[in-house]
Amino acid sequence: MKVPPLEEQLRLIKRRAVDIIPESDLVKKLERALRTQKPLRVKLGVDPTSPDIHIAIGVVLQKLRDFQDCGHTAVLIVGDFTARIGDPSGRSAQRKMLSQAEIEANMRHYKEQALKILDPSRLEFRYNSEWLEHMNFAKLLELASRYTVAAMLERDDFAQRYQSGTPISIVEFLYPLAQAYDSVAIQADVELGGEDQRFNLLVGRAIQERCGQEPQVCFIAAPVLEGLDGVKKMSKSFGNYVGVTEPPNEIFGKLMSIPDALIERYVTFMTDLDWEKLKELHPKEQKQKLAHAIVKRYHSEAAADAALEEFERVFARKERPAEVQKVYLDKRVLKPNGTVWVVELIAPLTKSRSEAKRLIEQGAVELDGVKIAQDDQDVLFRDGLLIKVGKHRFAEFYLKEHSP
RNA sequence: GCCGGGGUACCGAAGCGGCCAAACGGGACGGACUGUAAAUCCGUUGGCCUUUGCGCCUACGGGGGUUCAAAUCCCUCCCCCGGCACCA
């Protein structure tokens with residue numbers, strides 16, 4: 001692959017960037033790389049506790065891909081060491097401890113997803129235990145001496161917690177240092193991260209310098225993007241995310257239900273669509289374009305077309321979906337006259353029979369398009385009976401042959 | 001170690017002897033409305049019973065006790081939080 005000229009690289013790399021600290025260093029490094037034919041090492045830290053990549057993280061990975069496309073090397077650093085230690089004080093619930101086996105399983109999965117975005121030929125995948133494991137206490141003290149408490153307290157949440165008397169364990173101070181040391185270990189030229197990583201990236205820059213290395217450029221590739229609820233940041237733990245490996249229809253559907261206020265942000269940061277051109281469209285169409293673009297990115301154009309069509313079919317035209325899960329009914333619940341009690345029928349689709357009854361009472365259940373109003377009735381059963389529970393849970397029923 | 005405050009449903013949080021399957025808020029789910037929007041409104045939100053009943057079972061950190069009756073009182077254990085002390 002040919003390495004693009006400087007202007008082209010800058011255009012591609014700077015596109016959508018939130019902040020580049022400092023931009024002049026980036027230009028310098030790019031120039032030098034071009035001159036010496038030595039690609040830049042572009043680092044991105046990966047948290048092995050959550051193996052699922054969602055589309056907000058995808059934005060950062062996409063940026064990493066941009067660097068790759070300019071001929072540079074992406075270095076993914078798996079924070080396995082830190083994840084294994086966790087936070088022994090147990091203060092931060094986010095930091096759960098993991099075994100090495102869990103981490104490796106997570107990372108196999110992660111890598112698979114990351115390769116939907118990244119170019120494997122310019123990718124380095126490293127575990128930070130490689131260097132942190134062998135770090136003894138003396139080396140840790142040396143590292144720790146290169147940063148000050150005052151500088152640590154510049155991080156907003158530290159400052160706030162310190163002032164309000166909320167405990168901050170020393171370990172928490174050590175995490176940014178560990179991450180910074182990763183940059184030293186792999187000699188990062190650039191470190192990428194979301195807005196939430198700004199402080200940590202800057203620590204890396206400072207530590208490299210104090211270790212006699214050329215400091216990395218801190219590249220803020222994305223703002224903290226809100227999740228589907230439009231309020232909290234997108235995160236697996238809030239359940240407001242879209243995973244990049246989710247099926248096309250899921251991704252499409254989730255994106256169609258975001259609040260309007262989010263459309264512009266998602267379009268701007270997650271797609272290459274031109275917002276100026278979408279601005280005047282009806283919000284529904286904007287969302288459809290957005291959803292289509294994202295499904296296309298993580299699946300394919302054909303999948304995106306199909307998802308769009310499916311969406312129109314099920315939700316706009318209220319027809320049955322192209323594919324419906326099949327549920328097999330136990331023969332024993334069938335009465336001699338060929339009918340089944342509705343609750344018995346619905347129960348496999350719900351958590352409990354009580355819930356099944358509740359849903360029926362609430363008018364959430366349709367059989368072959370006919371609403372069931374009461375939970376004390378029997379219905380005639382036939383193979384292929386179509387049941388709809390709520391807005392989008394469909395199932396087709398068949399009889400399970402079974403000999404007692 | 002000492003002192004004080006806590007552990008209640010998916011989460012936050014009331015209740016502090018009976019009227020508690022547990023107020024209220026959030027979430028989730030369902031319905032109406034729509035653009036499957038969002039917002040709003042209404043409803044549901046432990047399980048079981050084709051008996052729907054002032055029904056039965058399970059549930060207020062674990063265990064034991066007092067009482068006709070406990071989430072509520074007593075004992076004990078576990079865990080969390082804050083303050084103070086100590087600091088090799």
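A quick note: this is a predicted structure, and the numbers were derived from the prediction, not measured. Chain naming here is simple, since letters A, B, ... match the order of the sequence lines and numbering starts at 1 in each. Only this structure's heavy atoms are used, side chains among them; waters, hydrogens and symmetry mates stay out.
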Would you indicate whether the side-chain heavy atoms of K289(A) and L278(A) approach each other to under 4.5 Å? yes
Whole-Å P distance, G6(B) and A14(B): 10 Å
For a quick check under 3.5 Å, do E191(A) and Q179(A) share a side-chain donor-acceptor pair by atom type? yes
In whole Å, what separates the P atom of U44(B) from that of G25(B)? 13 Å
Could you check whether D378(A) gets within reach of a base, just the sugar-phosphate, or nothing at all, counting any heavy atom under 4.0 Å? base
Work out how far the P atom of C56(B) is from that of A39(B), and round it to whole angstrom. 41 Å
Any R353(A) side-chain N or O less than 4.0 Å from OP1/OP2 of C49(B): yes
Quote, to the nearest angstrom, the P distance that separates C74(B) from G18(B). 15 Å
Using purine N1 to pyrimidine N3 plus N6-O4 or O6-N4 for Watson-Crick, or N1-O2 and O6-N3 for G-U wobble, each under 3.5 Å, what pairs with G17(B)? none
Neighbours of RNA chain B within residues 354-362 of chain A, by heavy-atom distance under 4.0 Å: S354(A), K357(A), R358(A), L359(A), Q362(A)
Starting at NE2 of H282(A) and ending at C1' of U36(B), how long is that distance when rounded to a whole Å? 13 Å
Hey, would you say the F219(A) and F67(A) ring centroids sit under 6.0 Å apart? yes
Pair Q208(A), S183(A): side-chain N/O donor-acceptor within cut-off below 3.5 Å: no
Looking at every heavy atom in both V59(A) and A221(A), which two are closest together, and how far apart are they? CG1-O, 4.1 Å
With nearest nucleotide decided by heavy atoms, which residue, Q288(A) or K351(A), maps closer to the 5′ end of RNA chain B? Q288(A)
Would you call the rings of H54(A) and Y241(A) parallel, tilted or perpendicular if under 30° counts as parallel and over 60° as perpendicular? tilted
Just the rounded figure in Å: distance from P of U36(B) to CG of L308(A). 12 Å
Does G25(B) have a Watson-Crick or wobble mate here (both distances under 3.5 Å), and if so which one? C11(B)
Quote, to the nearest angstrom, the C1' distance that separates C48(B) from A38(B). 39 Å
pair_partner(A71(B)), Watson-Crick or wobble, both distances < 3.5 Å, evaluates to none
Euclidean distance, atom CD1 of residue I346(A) to atom P of G30(B) [Å, nearest integer]: 14 Å
From the candidates U36(B), C48(B), G35(B), the one with an atom nearest any side-chain atom of F315(A) is U36(B)
Can you tell me, in whole Å, how much space there is between the C1' of G83(B) and that of A9(B)? 32 Å
Take atom C1' in G62(B) and the same atom in A23(B), then report the distance between them in whole Å. 27 Å
Calculate the interatomic distance between E285(A) atom CD and G35(B) atom C1'; express it in whole Å. 10 Å
For I263(A) and A38(B), what is the distance between atoms CD1 and C1' respectively, to the nearest whole Å? 10 Å
Which sits closer to the 5' end of RNA chain B, K254(A) or K371(A), going by the nucleotide each is nearest to? K371(A)
Candidates C33(B), G35(B), G47(B) - which lies nearest the side chain of S352(A): G47(B)
Of R205(A), K28(A), R32(A), R41(A), the residue whose pairing with E214(A) passes salt bridge (Lys or Arg N to Asp or Glu O under 4.0 Å): R32(A)
Does a salt bridge link E276(A) with K279(A), judged by any charged N lying under 4.0 Å from a carboxylate O? yes
What is the pairing partner of C41(B), taking Watson-Crick or G-U wobble pairs with both distances under 3.5 Å in any strand? G31(B)
Ring-plane angle category for F311(A) and F315(A), please: parallel below 30°, perpendicular beyond 60°, tilted otherwise. tilted
Rounded to whole Å, NZ of K391(A) lies from P of A28(B) at a distance of 12 Å
L255(A) atom CG is separated from A38(B) atom P, nearest whole Å, by 14 Å
G4(B) - base-pair partner by Watson-Crick or wobble geometry, distances under 3.5 Å: C81(B)
Roughly, in whole Å, what's the span from CG in D375(A) to P in C48(B)? 13 Å
Distance between C1' atoms of G82(B) and G31(B) (Å, rounded): 47 Å
